[in-house]
Amino acid sequence: MAQQSASVQLLEKIVSLSKRRGFIFQSSEIYGGLNGCWDYGPLGVEMLRNVKEAWWRAMTHRREIEGLDASILMHPKVWEASGHVQNFSDPMVDCKSCKSRFRVDHLFSEMSEKKLQAIAKHLTVEYRDVAKDALAESLLQKIDSDDALFPSLVESELIVCPNCGTKKSLTSPRNFNLMFETYIGPIKEKGNEVYLRPETAQGIFVNVLNVMQSSRQRLPFGIAQIGKAFRNEINTKNFLFRTREFEQMEMQYFVKEGTDEKFYEEWRERRFNWWQSVGIPKERLKLKPHEKLAHYAKAAIDIEFEFPFGFGEIEGIHNRTNFDLSRHEEFSGKSLSIHDEETKEKKVPFVIETSAGASRGFMALLCNGYEEEKVNDEVRTVMRLHPAIAPVKAAILPLVNKDGMPEIAEKLENDLRPSMKTFYDDSGAVGRRYRRQDEIGTPFGVTIDSETLENQSVTIRERDSMQQIRLPIDNVKNYILEKIGFPTS
RNA sequence: GCGGGAGUAACUCAGUUGGUAGAGUGCAACCUUGCCAAGGUUGAUGUCGCGGGUUCGAAUCCCGUCUCCCGCUCCA
(Lines give C-alpha, C1' and ligand atoms only; values in the text may rest on other atoms or scores of the structure.)
Protein backbone atom coordinates (compact mmCIF):
# COMPACT_ATOMS: atom_id res chain seq x y z
CA MET A 1 0.00 0.00 0.00
CA ALA A 2 2.81 2.37 0.89
CA GLN A 3 4.55 1.26 -2.24
CA GLN A 4 1.50 1.99 -4.31
CA SER A 5 1.15 5.49 -2.97
CA ALA A 6 4.83 6.11 -3.76
CA SER A 7 4.18 5.09 -7.35
CA VAL A 8 1.16 7.36 -7.50
CA GLN A 9 3.34 10.20 -6.22
CA LEU A 10 5.95 9.41 -8.83
CA LEU A 11 3.44 9.64 -11.65
CA GLU A 12 2.11 12.90 -10.24
CA LYS A 13 5.62 14.33 -10.11
CA ILE A 14 6.13 13.41 -13.73
CA VAL A 15 2.81 15.01 -14.66
CA SER A 16 3.73 18.25 -12.81
CA LEU A 17 7.16 18.39 -14.33
CA SER A 18 5.65 17.80 -17.75
CA LYS A 19 3.38 20.76 -17.29
CA ARG A 20 5.89 23.06 -15.57
CA ARG A 21 8.63 22.53 -18.11
CA GLY A 22 6.47 22.25 -21.21
CA PHE A 23 6.36 18.59 -22.10
CA ILE A 24 2.65 17.93 -21.77
CA PHE A 25 -0.36 20.17 -21.18
CA GLN A 26 -3.93 19.18 -20.67
CA SER A 27 -6.03 19.74 -23.77
CA SER A 28 -8.30 22.81 -23.72
CA GLU A 29 -7.13 23.53 -20.19
CA ILE A 30 -8.66 27.00 -19.97
CA TYR A 31 -12.07 25.44 -20.55
CA GLY A 32 -11.60 22.87 -17.82
CA GLY A 33 -9.87 20.26 -19.96
CA LEU A 34 -11.19 17.47 -22.13
CA ASN A 35 -11.22 13.97 -20.71
CA GLY A 36 -8.18 11.98 -21.71
CA CYS A 37 -6.81 14.48 -24.19
CA TRP A 38 -3.32 15.94 -23.90
CA ASP A 39 -1.19 18.42 -25.83
CA TYR A 40 2.55 18.21 -26.44
CA GLY A 41 4.30 21.43 -25.37
CA PRO A 42 7.56 22.86 -26.75
CA LEU A 43 9.77 20.21 -25.18
CA GLY A 44 7.23 17.42 -25.59
CA VAL A 45 6.88 17.91 -29.30
CA GLU A 46 10.67 17.90 -29.80
CA MET A 47 10.96 14.71 -27.83
CA LEU A 48 8.03 13.03 -29.53
CA ARG A 49 9.52 13.88 -32.92
CA ASN A 50 12.77 12.30 -31.79
CA VAL A 51 11.00 9.12 -30.70
CA LYS A 52 9.28 8.90 -34.05
CA GLU A 53 12.44 9.73 -35.94
CA ALA A 54 14.39 7.03 -34.12
CA TRP A 55 11.68 4.52 -35.01
CA TRP A 56 11.39 5.75 -38.59
CA ARG A 57 15.10 5.36 -39.20
CA ALA A 58 15.21 1.93 -37.60
CA MET A 59 12.39 0.88 -39.91
CA THR A 60 12.81 2.61 -43.22
CA HIS A 61 16.58 2.78 -43.42
CA ARG A 62 16.37 -0.74 -44.67
CA ARG A 63 16.27 -2.00 -48.21
CA GLU A 64 13.04 -3.88 -47.84
CA ILE A 65 10.87 -1.42 -45.91
CA GLU A 66 9.03 1.53 -47.47
CA GLY A 67 7.21 4.37 -45.79
CA LEU A 68 3.60 5.46 -46.16
CA ASP A 69 1.27 8.07 -44.74
CA ALA A 70 -2.33 7.09 -45.36
CA SER A 71 -5.43 9.16 -44.82
CA ILE A 72 -7.15 9.00 -41.44
CA LEU A 73 -10.56 8.86 -43.12
CA MET A 74 -11.05 5.77 -45.22
CA HIS A 75 -13.83 4.09 -47.15
CA PRO A 76 -16.37 2.67 -44.67
CA LYS A 77 -16.08 -0.76 -46.29
CA VAL A 78 -12.50 -0.95 -45.00
CA TRP A 79 -13.81 -1.29 -41.46
CA GLU A 80 -16.36 -3.88 -42.41
CA ALA A 81 -13.63 -5.93 -44.05
CA SER A 82 -11.27 -5.49 -41.11
CA GLY A 83 -13.90 -6.72 -38.69
CA HIS A 84 -13.99 -3.49 -36.70
CA VAL A 85 -17.62 -2.68 -37.45
CA GLN A 86 -18.60 -6.01 -36.00
CA ASN A 87 -16.02 -6.44 -33.28
CA PHE A 88 -15.55 -2.91 -32.08
CA SER A 89 -19.14 -2.52 -31.09
CA ASP A 90 -20.15 -4.31 -27.94
CA PRO A 91 -23.73 -4.46 -26.70
CA MET A 92 -23.77 -3.85 -22.97
CA VAL A 93 -26.35 -3.93 -20.21
CA ASP A 94 -26.45 -2.22 -16.83
CA CYS A 95 -27.86 -3.51 -13.58
CA LYS A 96 -30.19 -0.88 -12.21
CA SER A 97 -29.74 -2.27 -8.72
CA CYS A 98 -25.99 -2.63 -8.21
CA LYS A 99 -24.89 -0.38 -11.09
CA SER A 100 -22.62 -3.00 -12.61
CA ARG A 101 -22.16 -3.12 -16.36
CA PHE A 102 -21.78 -6.26 -18.44
CA ARG A 103 -21.05 -7.15 -22.01
CA VAL A 104 -23.95 -9.19 -23.29
CA ASP A 105 -21.67 -11.79 -24.86
CA HIS A 106 -19.87 -12.25 -21.54
CA LEU A 107 -23.22 -12.73 -19.86
CA PHE A 108 -23.93 -15.70 -22.09
CA SER A 109 -20.46 -17.20 -22.20
CA GLU A 110 -20.44 -17.45 -18.41
CA MET A 111 -23.78 -19.16 -18.10
CA SER A 112 -24.20 -22.85 -17.38
CA GLU A 113 -25.23 -25.10 -20.25
CA LYS A 114 -28.52 -25.80 -18.56
CA LYS A 115 -29.30 -22.12 -18.29
CA LEU A 116 -28.46 -21.58 -21.94
CA GLN A 117 -30.78 -24.40 -22.92
CA ALA A 118 -33.61 -22.91 -20.90
CA ILE A 119 -33.12 -19.61 -22.67
CA ALA A 120 -32.94 -21.38 -26.04
CA LYS A 121 -36.25 -22.99 -25.31
CA HIS A 122 -37.78 -19.62 -24.47
CA LEU A 123 -36.43 -18.10 -27.69
CA THR A 124 -37.34 -21.15 -29.74
CA VAL A 125 -33.75 -21.75 -30.74
CA GLU A 126 -32.70 -25.31 -31.48
CA TYR A 127 -30.43 -26.53 -28.64
CA ARG A 128 -30.34 -30.30 -28.82
CA ASP A 129 -26.89 -31.62 -29.80
CA VAL A 130 -25.47 -28.09 -29.86
CA ALA A 131 -22.18 -27.41 -28.06
CA LYS A 132 -22.25 -24.86 -25.28
CA ASP A 133 -20.18 -22.18 -27.03
CA ALA A 134 -22.07 -22.57 -30.27
CA LEU A 135 -25.34 -22.32 -28.41
CA ALA A 136 -24.28 -19.08 -26.70
CA GLU A 137 -23.29 -17.74 -30.10
CA SER A 138 -26.61 -18.56 -31.74
CA LEU A 139 -28.52 -17.08 -28.80
CA LEU A 140 -26.57 -13.85 -29.23
CA GLN A 141 -27.45 -13.75 -32.90
CA LYS A 142 -31.11 -14.35 -32.12
CA ILE A 143 -31.15 -11.54 -29.56
CA ASP A 144 -29.44 -9.24 -32.00
CA SER A 145 -32.26 -9.78 -34.48
CA ASP A 146 -35.04 -8.43 -32.26
CA ASP A 147 -34.71 -5.73 -29.61
CA ALA A 148 -37.67 -7.09 -27.64
CA LEU A 149 -36.08 -10.48 -26.93
CA PHE A 150 -33.54 -9.52 -24.28
CA PRO A 151 -36.09 -7.58 -22.20
CA SER A 152 -38.41 -10.58 -22.38
CA LEU A 153 -35.66 -12.76 -20.91
CA VAL A 154 -35.15 -10.29 -18.11
CA GLU A 155 -38.90 -10.07 -17.51
CA SER A 156 -39.26 -13.84 -17.34
CA GLU A 157 -36.29 -13.93 -14.91
CA LEU A 158 -34.23 -16.20 -17.13
CA ILE A 159 -31.45 -13.64 -16.89
CA VAL A 160 -30.61 -11.99 -13.59
CA CYS A 161 -27.75 -9.73 -12.58
CA PRO A 162 -24.69 -12.01 -12.22
CA ASN A 163 -23.22 -9.66 -9.66
CA CYS A 164 -26.03 -9.03 -7.16
CA GLY A 165 -28.61 -11.56 -8.35
CA THR A 166 -31.39 -9.00 -8.48
CA LYS A 167 -34.27 -9.97 -10.74
CA LYS A 168 -35.68 -7.75 -13.48
CA SER A 169 -32.88 -5.22 -12.93
CA LEU A 170 -30.99 -5.38 -16.23
CA THR A 171 -31.50 -2.70 -18.87
CA SER A 172 -31.89 -3.38 -22.58
CA PRO A 173 -28.62 -3.89 -24.44
CA ARG A 174 -27.04 -0.70 -25.67
CA ASN A 175 -24.33 -0.50 -28.26
CA PHE A 176 -20.99 0.93 -27.28
CA ASN A 177 -19.21 1.62 -30.51
CA LEU A 178 -15.53 2.14 -30.03
CA MET A 179 -15.06 3.82 -33.39
CA PHE A 180 -15.45 7.57 -33.70
CA GLU A 181 -18.00 8.37 -36.35
CA THR A 182 -18.30 11.49 -38.45
CA TYR A 183 -19.75 12.55 -41.79
CA ILE A 184 -18.28 13.28 -45.18
CA GLY A 185 -19.67 16.59 -46.35
CA PRO A 186 -21.55 19.17 -44.32
CA ILE A 187 -24.82 17.28 -43.99
CA LYS A 188 -25.25 14.57 -41.40
CA GLU A 189 -27.25 11.82 -42.96
CA LYS A 190 -27.30 8.10 -43.34
CA GLY A 191 -25.03 6.94 -46.10
CA ASN A 192 -22.21 9.43 -45.62
CA GLU A 193 -20.89 8.22 -42.26
CA VAL A 194 -17.17 7.63 -42.04
CA TYR A 195 -14.94 6.58 -39.16
CA LEU A 196 -11.77 8.02 -37.73
CA ARG A 197 -9.43 5.07 -38.13
CA PRO A 198 -9.17 2.91 -34.98
CA GLU A 199 -5.79 1.62 -36.16
CA THR A 200 -3.32 2.68 -38.82
CA ALA A 201 -2.74 -0.82 -40.17
CA GLN A 202 -5.62 -0.85 -42.65
CA GLY A 203 -4.17 2.12 -44.54
CA ILE A 204 -1.17 -0.07 -45.20
CA PHE A 205 -3.14 -3.15 -46.22
CA VAL A 206 -5.26 -1.37 -48.79
CA ASN A 207 -2.13 0.17 -50.32
CA VAL A 208 -0.01 -2.93 -50.42
CA LEU A 209 -0.04 -3.33 -54.19
CA ASN A 210 0.46 0.41 -54.82
CA VAL A 211 3.54 0.41 -52.63
CA MET A 212 4.89 -2.84 -53.93
CA GLN A 213 4.58 -1.88 -57.58
CA SER A 214 5.82 1.70 -57.25
CA SER A 215 8.85 0.71 -55.22
CA ARG A 216 9.58 -2.55 -57.09
CA GLN A 217 9.62 -4.53 -53.86
CA ARG A 218 9.11 -8.27 -53.65
CA LEU A 219 8.39 -10.53 -50.70
CA PRO A 220 9.42 -10.25 -48.00
CA PHE A 221 8.99 -6.52 -47.62
CA GLY A 222 7.46 -4.09 -45.17
CA ILE A 223 5.51 -0.85 -45.05
CA ALA A 224 6.01 1.56 -42.17
CA GLN A 225 3.66 4.27 -41.07
CA ILE A 226 3.34 6.74 -38.21
CA GLY A 227 0.00 8.34 -37.53
CA LYS A 228 -2.89 9.10 -35.25
CA ALA A 229 -5.62 6.61 -34.47
CA PHE A 230 -8.80 7.01 -32.47
CA ARG A 231 -10.77 4.74 -30.19
CA ASN A 232 -13.77 5.88 -28.26
CA GLU A 233 -12.78 4.06 -25.09
CA ILE A 234 -15.21 3.90 -22.21
CA ASN A 235 -12.54 5.10 -19.84
CA THR A 236 -9.30 6.98 -20.16
CA LYS A 237 -6.60 6.40 -17.61
CA ASN A 238 -3.04 6.92 -16.45
CA PHE A 239 -1.97 10.19 -18.10
CA LEU A 240 -0.92 9.45 -21.70
CA PHE A 241 -1.30 5.69 -21.36
CA ARG A 242 -4.97 5.23 -22.20
CA THR A 243 -6.36 8.02 -24.33
CA ARG A 244 -8.94 8.20 -27.07
CA GLU A 245 -6.59 9.85 -29.54
CA PHE A 246 -3.14 8.36 -29.83
CA GLU A 247 -0.29 7.93 -32.24
CA GLN A 248 0.92 4.62 -33.56
CA MET A 249 4.17 3.58 -35.20
CA GLU A 250 3.28 0.55 -37.26
CA MET A 251 5.11 -1.66 -39.67
CA GLN A 252 3.42 -4.44 -41.59
CA TYR A 253 5.81 -7.01 -42.97
CA PHE A 254 4.51 -9.06 -45.89
CA VAL A 255 5.91 -12.56 -46.17
CA LYS A 256 5.26 -15.86 -47.85
CA GLU A 257 3.08 -18.25 -45.95
CA GLY A 258 5.32 -20.69 -44.16
CA THR A 259 7.99 -18.13 -43.43
CA ASP A 260 5.64 -16.17 -41.16
CA GLU A 261 6.70 -17.83 -37.93
CA LYS A 262 10.37 -17.19 -38.60
CA PHE A 263 9.76 -13.50 -39.31
CA TYR A 264 7.46 -13.17 -36.32
CA GLU A 265 10.26 -14.28 -34.06
CA GLU A 266 12.79 -12.14 -35.85
CA TRP A 267 10.72 -8.97 -35.46
CA ARG A 268 9.87 -9.74 -31.87
CA GLU A 269 13.57 -9.79 -31.03
CA ARG A 270 14.35 -6.75 -33.14
CA ARG A 271 11.61 -4.68 -31.55
CA PHE A 272 12.52 -5.79 -28.03
CA ASN A 273 16.08 -4.68 -28.70
CA TRP A 274 14.99 -1.40 -30.23
CA TRP A 275 13.37 -0.20 -27.01
CA GLN A 276 16.63 -0.92 -25.27
CA SER A 277 18.55 0.99 -27.93
CA VAL A 278 16.57 4.14 -27.11
CA GLY A 279 17.42 3.86 -23.45
CA ILE A 280 15.10 1.47 -21.64
CA PRO A 281 16.95 -1.16 -19.60
CA LYS A 282 15.97 -4.76 -20.21
CA GLU A 283 14.83 -5.17 -16.60
CA ARG A 284 12.01 -2.71 -17.12
CA LEU A 285 10.74 -4.47 -20.24
CA LYS A 286 8.76 -7.66 -20.47
CA LEU A 287 7.52 -9.84 -23.29
CA LYS A 288 4.00 -10.98 -22.62
CA PRO A 289 2.29 -13.44 -24.98
CA HIS A 290 -1.44 -13.01 -25.49
CA GLU A 291 -3.54 -15.71 -23.97
CA LYS A 292 -6.60 -14.79 -25.95
CA LEU A 293 -5.99 -14.04 -29.60
CA ALA A 294 -7.85 -11.43 -31.61
CA HIS A 295 -9.95 -12.51 -34.57
CA TYR A 296 -7.14 -11.83 -37.04
CA ALA A 297 -4.15 -13.24 -35.21
CA LYS A 298 -2.30 -16.53 -35.17
CA ALA A 299 0.25 -15.38 -32.59
CA ALA A 300 0.58 -12.19 -30.59
CA ILE A 301 2.93 -10.82 -27.98
CA ASP A 302 3.14 -7.52 -26.17
CA ILE A 303 6.25 -5.63 -25.21
CA GLU A 304 5.47 -4.15 -21.84
CA PHE A 305 7.22 -1.41 -19.90
CA GLU A 306 7.25 -1.06 -16.16
CA PHE A 307 5.27 2.13 -15.61
CA PRO A 308 4.78 3.56 -12.12
CA PHE A 309 1.35 1.90 -12.11
CA GLY A 310 2.71 -1.47 -13.25
CA PHE A 311 3.65 -3.14 -16.51
CA GLY A 312 1.73 -1.84 -19.52
CA GLU A 313 1.85 -2.49 -23.26
CA ILE A 314 3.98 -0.21 -25.42
CA GLU A 315 4.09 -2.41 -28.51
CA GLY A 316 2.39 -5.45 -29.95
CA ILE A 317 3.86 -7.90 -32.41
CA HIS A 318 1.25 -9.95 -34.21
CA ASN A 319 1.13 -12.65 -36.79
CA ARG A 320 -1.97 -11.42 -38.62
CA THR A 321 -1.80 -14.25 -41.13
CA ASN A 322 -3.48 -13.47 -44.46
CA PHE A 323 -6.69 -12.49 -42.68
CA ASP A 324 -6.71 -8.78 -43.54
CA LEU A 325 -5.65 -9.05 -47.16
CA SER A 326 -8.03 -11.93 -47.81
CA ARG A 327 -10.88 -9.98 -46.34
CA HIS A 328 -10.03 -6.95 -48.46
CA GLU A 329 -9.94 -9.19 -51.51
CA GLU A 330 -13.37 -10.44 -50.58
CA PHE A 331 -14.92 -7.07 -49.80
CA SER A 332 -13.32 -5.06 -52.61
CA GLY A 333 -13.38 -7.74 -55.29
CA LYS A 334 -9.77 -6.81 -56.16
CA SER A 335 -7.03 -9.40 -56.08
CA LEU A 336 -4.34 -8.75 -53.49
CA SER A 337 -2.46 -11.93 -54.26
CA ILE A 338 1.18 -11.80 -55.16
CA HIS A 339 2.84 -13.86 -57.83
CA ASP A 340 5.63 -16.11 -56.63
CA GLU A 341 8.35 -16.52 -59.27
CA GLU A 342 9.61 -19.75 -57.74
CA THR A 343 6.39 -21.68 -57.46
CA LYS A 344 4.55 -19.80 -60.21
CA GLU A 345 1.63 -19.45 -57.83
CA LYS A 346 -0.44 -16.44 -56.84
CA LYS A 347 -1.02 -16.27 -53.12
CA VAL A 348 -2.17 -13.80 -50.52
CA PRO A 349 0.86 -12.98 -48.36
CA PHE A 350 0.98 -13.35 -44.60
CA VAL A 351 1.55 -10.30 -42.45
CA ILE A 352 3.73 -9.78 -39.41
CA GLU A 353 2.75 -6.60 -37.65
CA THR A 354 4.81 -4.51 -35.26
CA SER A 355 2.55 -1.92 -33.73
CA ALA A 356 4.16 0.48 -31.27
CA GLY A 357 2.54 3.34 -29.41
CA ALA A 358 4.33 6.64 -30.03
CA SER A 359 2.47 8.31 -27.19
CA ARG A 360 2.96 5.36 -24.87
CA GLY A 361 6.60 5.08 -25.85
CA PHE A 362 7.04 8.75 -25.13
CA MET A 363 5.51 8.29 -21.70
CA ALA A 364 7.60 5.20 -21.05
CA LEU A 365 10.78 7.13 -21.86
CA LEU A 366 9.75 9.98 -19.55
CA CYS A 367 8.98 7.57 -16.71
CA ASN A 368 12.15 5.62 -17.34
CA GLY A 369 14.30 8.75 -17.41
CA TYR A 370 12.90 10.46 -14.33
CA GLU A 371 15.15 10.14 -11.35
CA GLU A 372 15.75 11.95 -8.09
CA GLU A 373 19.21 11.47 -6.70
CA LYS A 374 21.08 12.83 -3.72
CA VAL A 375 23.96 15.14 -4.55
CA ASN A 376 25.69 16.89 -1.64
CA ASP A 377 22.64 16.32 0.55
CA GLU A 378 20.35 17.87 -1.98
CA VAL A 379 17.93 16.25 -4.36
CA ARG A 380 18.84 16.48 -8.01
CA THR A 381 16.02 15.80 -10.43
CA VAL A 382 17.42 14.43 -13.63
CA MET A 383 15.72 13.13 -16.73
CA ARG A 384 18.01 10.47 -18.11
CA LEU A 385 16.97 10.45 -21.72
CA HIS A 386 18.98 8.94 -24.52
CA PRO A 387 20.83 11.89 -26.15
CA ALA A 388 19.02 11.21 -29.44
CA ILE A 389 15.65 11.41 -27.67
CA ALA A 390 16.37 14.44 -25.46
CA PRO A 391 14.46 17.52 -26.65
CA VAL A 392 17.40 19.88 -26.16
CA LYS A 393 20.88 18.64 -27.00
CA ALA A 394 23.11 21.35 -25.59
CA ALA A 395 22.80 24.27 -23.20
CA ILE A 396 25.12 27.18 -23.96
CA LEU A 397 26.15 28.89 -20.75
CA PRO A 398 28.41 31.91 -20.36
CA LEU A 399 29.82 31.54 -16.86
CA VAL A 400 29.25 35.22 -16.18
CA ASN A 401 27.59 37.91 -18.16
CA LYS A 402 30.65 40.02 -18.95
CA ASP A 403 34.20 40.08 -20.24
CA GLY A 404 33.06 39.07 -23.68
CA MET A 405 31.79 35.64 -22.60
CA PRO A 406 28.22 36.25 -23.82
CA GLU A 407 29.54 37.19 -27.24
CA ILE A 408 31.56 34.00 -27.54
CA ALA A 409 28.64 31.96 -26.23
CA GLU A 410 26.26 33.45 -28.76
CA LYS A 411 28.66 32.79 -31.57
CA LEU A 412 28.99 29.18 -30.46
CA GLU A 413 25.22 28.80 -30.27
CA ASN A 414 24.82 30.22 -33.77
CA ASP A 415 27.34 27.68 -34.91
CA LEU A 416 25.55 24.73 -33.28
CA ARG A 417 21.96 25.69 -33.91
CA PRO A 418 21.62 24.53 -37.51
CA SER A 419 22.54 20.99 -36.48
CA MET A 420 20.85 20.60 -33.12
CA LYS A 421 18.32 22.05 -30.70
CA THR A 422 20.16 24.33 -28.28
CA PHE A 423 19.25 26.48 -25.30
CA TYR A 424 20.99 29.64 -24.22
CA ASP A 425 20.92 30.57 -20.53
CA ASP A 426 22.82 33.36 -18.85
CA SER A 427 20.75 33.91 -15.72
CA GLY A 428 21.91 33.12 -12.19
CA ALA A 429 24.58 30.75 -10.97
CA VAL A 430 25.85 28.18 -13.42
CA GLY A 431 25.06 25.32 -11.04
CA ARG A 432 21.44 26.29 -11.06
CA ARG A 433 21.44 26.44 -14.83
CA TYR A 434 22.90 22.95 -15.03
CA ARG A 435 20.14 21.64 -12.77
CA ARG A 436 17.44 23.24 -14.85
CA GLN A 437 18.80 21.40 -17.85
CA ASP A 438 19.10 18.13 -15.91
CA GLU A 439 15.37 18.24 -15.27
CA ILE A 440 14.54 18.31 -18.99
CA GLY A 441 17.21 15.81 -19.95
CA THR A 442 19.66 18.04 -21.83
CA PRO A 443 22.71 15.78 -22.22
CA PHE A 444 25.37 18.48 -22.50
CA GLY A 445 26.11 21.85 -20.91
CA VAL A 446 28.75 23.94 -22.65
CA THR A 447 30.24 26.64 -20.44
CA ILE A 448 32.26 29.59 -21.64
CA ASP A 449 34.61 30.77 -18.87
CA SER A 450 37.68 32.90 -18.35
CA GLU A 451 39.92 30.20 -19.72
CA THR A 452 37.95 30.39 -22.96
CA LEU A 453 39.12 33.98 -23.29
CA GLU A 454 42.72 32.85 -23.03
CA ASN A 455 42.87 29.65 -25.07
CA GLN A 456 39.50 29.15 -26.85
CA SER A 457 38.60 26.07 -24.83
CA VAL A 458 35.27 25.40 -23.14
CA THR A 459 33.89 23.10 -20.49
CA ILE A 460 31.49 20.37 -21.48
CA ARG A 461 29.48 19.00 -18.60
CA GLU A 462 27.73 15.68 -19.02
CA ARG A 463 24.25 15.29 -17.56
CA ASP A 464 24.31 11.84 -15.97
CA SER A 465 27.78 11.81 -14.46
CA MET A 466 28.08 15.59 -13.97
CA GLN A 467 31.68 15.10 -15.14
CA GLN A 468 33.38 17.90 -17.01
CA ILE A 469 35.93 17.87 -19.76
CA ARG A 470 37.71 20.70 -21.56
CA LEU A 471 37.61 20.93 -25.31
CA PRO A 472 38.72 23.45 -27.94
CA ILE A 473 35.65 25.46 -28.86
CA ASP A 474 36.01 24.43 -32.50
CA ASN A 475 35.64 20.76 -31.60
CA VAL A 476 32.41 21.15 -29.63
CA LYS A 477 30.08 20.65 -32.55
CA ASN A 478 31.58 17.39 -33.70
CA TYR A 479 31.91 16.11 -30.17
CA ILE A 480 28.19 16.61 -29.48
CA LEU A 481 27.01 15.51 -32.91
CA GLU A 482 28.79 12.24 -32.42
CA LYS A 483 26.92 11.58 -29.17
CA ILE A 484 23.41 12.59 -30.18
CA GLY A 485 23.10 10.37 -33.22
CA PHE A 486 20.09 8.09 -33.51
CA PRO A 487 20.75 4.51 -32.51
CA THR A 488 21.47 2.13 -35.35
CA SER A 489 20.62 -1.50 -35.00
C1' G B 1 -20.64 3.89 -16.22
C1' C B 2 -20.21 2.91 -10.49
C1' G B 3 -17.51 4.01 -5.81
C1' G B 4 -13.53 6.85 -3.17
C1' G B 5 -10.02 11.13 -3.04
C1' A B 6 -8.66 15.87 -5.04
C1' G B 7 -9.03 20.78 -7.80
C1' U B 8 -6.63 28.04 -4.60
C1' A B 9 -0.38 31.87 -8.67
C1' A B 10 3.63 28.34 -13.65
C1' C B 11 4.69 24.14 -9.60
C1' U B 12 3.93 22.30 -4.34
C1' C B 13 0.58 23.80 -0.87
C1' A B 14 -1.61 27.08 3.60
C1' G B 15 -6.24 29.69 4.15
C1' U B 16 -9.52 29.85 11.44
C1' U B 17 -16.76 30.23 13.44
C1' G B 18 -18.64 32.75 5.95
C1' G B 19 -15.96 39.19 6.08
C1' U B 20 -13.78 39.39 -1.78
C1' A B 21 -6.48 35.48 -0.69
C1' G B 22 -1.03 33.95 1.38
C1' A B 23 3.86 31.07 1.74
C1' G B 24 7.89 28.44 -0.48
C1' U B 25 9.82 27.38 -5.15
C1' G B 26 9.76 29.33 -9.92
C1' C B 27 9.51 33.73 -13.23
C1' A B 28 11.19 39.09 -14.76
C1' A B 29 14.61 43.40 -14.04
C1' C B 30 18.97 45.33 -11.85
C1' C B 31 23.21 44.61 -8.75
C1' U B 32 26.47 40.89 -6.95
C1' U B 33 28.87 36.45 -8.41
C1' G B 34 33.34 32.98 -10.86
C1' C B 35 31.68 25.44 -12.27
C1' C B 36 26.81 22.21 -9.57
C1' A B 37 19.81 24.65 -7.50
C1' A B 38 20.79 28.45 -1.17
C1' G B 39 23.74 36.57 -2.04
C1' G B 40 20.94 41.44 -2.31
C1' U B 41 17.08 44.84 -4.03
C1' U B 42 12.68 45.44 -6.69
C1' G B 43 8.60 43.55 -9.39
C1' A B 44 4.69 40.86 -12.04
C1' U B 45 1.19 37.00 -12.13
C1' G B 46 -5.28 34.70 -9.05
C1' U B 47 -12.24 33.42 -13.84
C1' C B 48 -10.10 30.33 -5.72
C1' G B 49 -11.97 24.32 -11.97
C1' C B 50 -16.85 26.00 -14.18
C1' G B 51 -22.29 27.29 -13.53
C1' G B 52 -26.19 28.15 -10.33
C1' G B 53 -28.26 28.81 -5.24
C1' U B 54 -28.38 30.50 0.11
C1' U B 55 -26.53 35.14 2.42
C1' C B 56 -25.78 42.07 3.56
C1' G B 57 -21.34 39.21 2.23
C1' A B 58 -18.98 32.61 -0.33
C1' A B 59 -12.34 29.89 -1.66
C1' U B 60 -15.39 28.46 2.79
C1' C B 61 -22.36 26.31 3.13
C1' C B 62 -25.95 23.75 -0.67
C1' C B 63 -26.99 21.80 -5.78
C1' G B 64 -25.28 20.72 -10.61
C1' U B 65 -21.23 20.03 -13.84
C1' C B 66 -16.03 19.47 -15.76
C1' U B 67 -11.10 17.62 -15.03
C1' C B 68 -7.21 14.68 -12.61
C1' C B 69 -5.75 10.42 -9.42
C1' C B 70 -7.11 5.51 -7.14
C1' G B 71 -10.30 1.03 -7.18
C1' C B 72 -14.12 -1.69 -9.98
C1' U B 73 -15.89 -2.27 -15.08
C1' C B 74 -13.92 -1.91 -19.98
C1' C B 75 -9.46 -2.30 -23.03
C1' A B 76 -11.18 -6.69 -30.96
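Because only heavy atoms are used, hydrogens play no part in the values below, and waters and symmetry mates are left out as well, while side chains stay in. Below, chain A is the first sequence line, B the second, and so on; all start at residue 1.
Within 4.0 Å (heavy atoms only), A:Val15 reaches no atom of the nucleic acid at all. Among the heavy atoms of the strands lying under 4.0 Å from A:Lys402 is at least one base atom, whether or not backbone atoms are also near. Across all strands, A:Gly22 comes closer than 4.0 Å to no nucleic acid atom at all (heavy-atom distances). Within the 4.0 angstrom heavy-atom criterion, base atoms lie near A:Gln468. Heavy atoms of A:Thr447 sit under 4.0 angstrom from at least one base atom. Looking at heavy-atom distances under 4.0 Å, A:Asp403 makes contact with a base.
Taking the six-membered ring for Trp, A:Phe350 and A:Phe263 have ring centres at least 6.0 Å apart. Between A:Tyr253 and A:Trp267, the ring centre distance stays below 6.0 Å.
Checked by distance alone, A:Arg461 brings a side-chain donor or acceptor within 3.5 Å of a matching partner on the base of B:C36.
A heavy-atom distance below 4.5 Å is found between the side chains of A:Trp79 and A:Glu199.
Closest to the A:Tyr434 side chain, of the nucleotides B:U47, B:C36, B:C68, is B:C36.
Exactly one residue among A:Arg384, A:Arg380, A:Arg20 makes a salt bridge (charged side-chain N to carboxylate O under 4.0 Å, His left out) with A:Glu439. That residue is A:Arg20.
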(message) For RNA chain B, please output the secondary structure as dot-bracket, reading 5' to 3'. Pairs are Watson-Crick or G-U wobble, both atom distances under 3.5 Å; mark crossing pairs with [ ], other-strand partners with |, unpaired with a dot.
(response) (((((((..((((.....[..)))).(((((.......))))).....(((((..]....))))))))))))....
